[in-house]
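Before any comments, here is the structure.
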Amino acid sequence: MTIFIRFIIISTALMFFTFFYLYINDDKYYPGADFTTSNMPDFEIKDLYSKRVFSVKDLDGSYLINVWASWCITCRIEHSFLAKLESNNIPIIGLNYKDEKDDAINWITKFGDPYKYIIHDYKGELALDLGVTGAPETFLLNDGKIIVHYRGEVNDMIWNDVFKPIIMKENIFNAN
């Protein structure tokens with residue numbers, strides 16, 4: 001009987017470790033990536049620089065929405081990569097998240113503006129509707145549908161492994 005119990009314990013432990021080894025080493029596994037397709041929520045939010053009000057109707061076509069804030073250290077790290085994407089004609093809309101307007105404008109003035117538009121979500125209402133848990137986060141939208149949501153810094157590795165395969169498959173941004 002003790003041999004049988006030892007066999008069960010060892011087998012269970014082996015199966016447990018094998019499962020997690022395969023799960024963690026899966027090439028498509030990224031803890032911050034969500035590939036669930038959903039609709040962009042309705043919203044009306046002012047532009048960072050003016051009193052222009054943006055709504056979901058203003059955001060047609062394919063683009064990235066990048067959630068950022070002047071208080072976010074990782075956003076500063078990610079910012080140069082966003083500038084690289086913008087120079088490759090990837091349209092990015094900035095969603096300034098829970099930030100003072102003057103702080104956000106000063107930050108953009110200091111570090112550069114890779115965004116086509118910046119909407120100022122001072123209370124975080126749109127971010128909440130999007131499922132944002134912090135900054136930075138990035139969404140890939142195509143024809144009003146969110147097709148990728150990534151929580152964390154977007155860099156070369158994340159771009160190539162998470163976003164680019166979807167962009168190539170869907171032929172978005174002329175497959176940049």
Side-chain angles (χ1 to χ4, degrees), residues 27-36 40 43 45-50 52 54 56 58-176:
D27 288 340
K28 296 179 185 187
Y29 177 76
Y30 280 88
D34 182 359
F35 299 100
T36 306
M40 180 70 184
F43 68 91
I45 299 181
K46 289 183 181 176
D47 176 77
L48 180 65
Y49 300 108
S50 68
R52 177 183 174 189
F54 281 92
V56 71
D58 294 313
L59 307 176
D60 59 341
S62 301
Y63 50 89
L64 297 175
I65 292 181
N66 177 253
V67 180
W68 67 278
S70 64
W71 47 260
C72 170
I73 295 168
T74 308
C75 296
R76 174 64 189 107
I77 295 166
E78 177 185 64
H79 199 71
S80 61
F81 185 76
L82 297 177
K84 177 181 164 184
L85 292 178
E86 189 266 339
S87 71
N88 287 322
N89 298 315
I90 304 295
I92 309 169
I93 296 168
L95 177 61
N96 181 243
Y97 175 64
K98 293 186 175 183
D99 207 353
E100 295 293 333
K101 191 173 193 169
D102 290 340
D103 292 342
I105 291 171
N106 290 338
W107 196 88
I108 284 292
T109 301
K110 183 176 182 178
F111 297 116
D113 188 352
Y115 304 110
K116 184 175 179 179
Y117 308 107
I118 301 175
I119 51 182
H120 185 228
D121 192 10
Y122 179 72
K123 294 182 181 178
E125 294 168 346
L126 175 57
L128 182 64
D129 290 344
L130 286 166
V132 170
T133 57
E137 293 191 23
T138 304
F139 298 82
L140 173 60
L141 280 84
N142 188 29
D143 297 327
K145 302 266 188 217
I146 299 169
I147 55 177
V148 178
H149 174 192
Y150 187 77
R151 290 178 173 95
E153 173 195 354
V154 175
N155 52 35
D156 279 316
M157 183 183 76
I158 298 301
W159 182 256
N160 290 329
D161 292 349
V162 174
F163 289 94
K164 201 161 188 176
I166 303 296
I167 290 168
M168 300 297 280
K169 178 182 172 196
E170 301 291 330
N171 197 27
I172 302 171
F173 311 132
N174 297 320
N176 282 324

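Side chain of Asn88 to backbone of Lys84: a donor-acceptor contact under 3.5 angstrom is found. Using modelled atom types, one side-chain atom of Lys101 and one backbone atom of Leu48 make a donor-acceptor pair closer than 3.5 Å. Side-chain atoms of Glu78 come within 3.5 Å of backbone N or O of Val154 as a donor-acceptor pair. Side-chain atoms of Trp71 come within 3.5 Å of backbone atoms of Lys98 as a donor-acceptor pair (strictly under, hydrogens ignored). Panel note: side chain His79, backbone Ile108; no donor-acceptor pair is recorded below 3.5 Å. Looking only at distances, no side-chain donor or acceptor of Ser50 sits under 3.5 Å from a matching main-chain atom of Asp47. For Asp34 (side chain) and Thr36 (main-chain N/O), a donor-acceptor pair under 3.5 Å exists by modelled atom type. In this structure, Asp121 contributes its side chain and Leu126 its backbone to a donor-acceptor pair below 3.5 Å.
Considering only heavy atoms from C-beta on, Phe54 stays 4.5 Å or farther from Ile118 through its side chain. The shortest distance between side-chain heavy atoms of Phe173 and Pro91 falls below 4.5 Å.
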Item to check | Test log, rule side chain to side chain contact (heavy atoms under 4.5 Å, CB included), inputs Leu140 and Ile167 | outcome: CA-CA 9 Å; Leu140 173 60; Ile167 290 168; 3.9 Å; yes

Checklist entry - Ile65 and Thr138: side chain to side chain contact (heavy atoms under 4.5 Å, CB included), yes or no, with the steps? => result CA-CA 6 Å; Ile65 292 181; Thr138 304; over 6 Å; no

Checklist entry - Going through the checks in order, is the side chain to side chain contact (heavy atoms under 4.5 Å, CB included) test met by Leu64 and Leu141? => result CA-CA 6 Å; Leu64 297 175; Leu141 280 84; over 6 Å; no

Item to check | Evaluation steps, side chain to side chain contact (heavy atoms under 4.5 Å, CB included), between Asp58 and Arg52 | outcome: CA-CA 11 Å; Asp58 294 313; Arg52 177 183 174 189; 4.2 Å; yes

Checklist entry - Run the ring-ring contact (aromatic ring centres under 6.0 Å, His included) check on Trp107 and Trp68 step by step: do they pass? => result CA-CA 11 Å; Trp107 196 88; Trp68 67 278; 5.0 Å; yes

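Annotation for Gly131 and His149: closest pair O-CE1, 3.9 Å, computed over non-hydrogen atoms. Heavy-atom minimum distance, Phe43 versus Ile119: CE1-CD1, 4.1 Å. For the residue pair Ile93 and Tyr115, the shortest heavy atom distance occurs at C-CD2, 3.8 Å. Minimum interatomic distance between Ser62 and Asn142 (heavy atoms only, all atoms of both residues): OG-OD1, 2.5 Å. Considering all non-hydrogen atoms of both residues, Pro114 and Gly112 come closest at CD-O, 3.5 Å.
The CE atom of Met168 sits 10.5 Å away from the CG atom of Asn160 when rounded to the nearest 0.5 Å. The NZ atom of Lys164 sits 14.5 Å away from the CD1 atom of Ile158 when rounded to the nearest 0.5 Å. Between the CG atom in Asp60 and the CG atom in Asp143 there is a gap of 9.0 Å [rounded to 0.5 Å]. Taking CG of Asp161 as the reference point, atom CG of Asp156 lies at 10.5 Å (rounded to 0.5 Å). Taking CG of Leu85 as the reference point, atom CZ of Phe163 lies at 9.0 Å (rounded to 0.5 Å). For the atom pair CE of Met40 and CG of Leu130, the computed distance is 4.5 Å after rounding to the nearest 0.5 Å.
The aromatic rings of His120 and Tyr122 sit tilted, their planes meeting at an angle between 30° and 60°.
Exactly one of Asp99, Asn106, Asp102, Asn96 qualifies for a side-chain hydrogen bond (donor to acceptor under 3.5 Å, both in side chains) with Ser70. That residue is Asp99.
For Tyr97 and Glu137, the side-chain atoms include no donor-acceptor pair closer than 3.5 Å.
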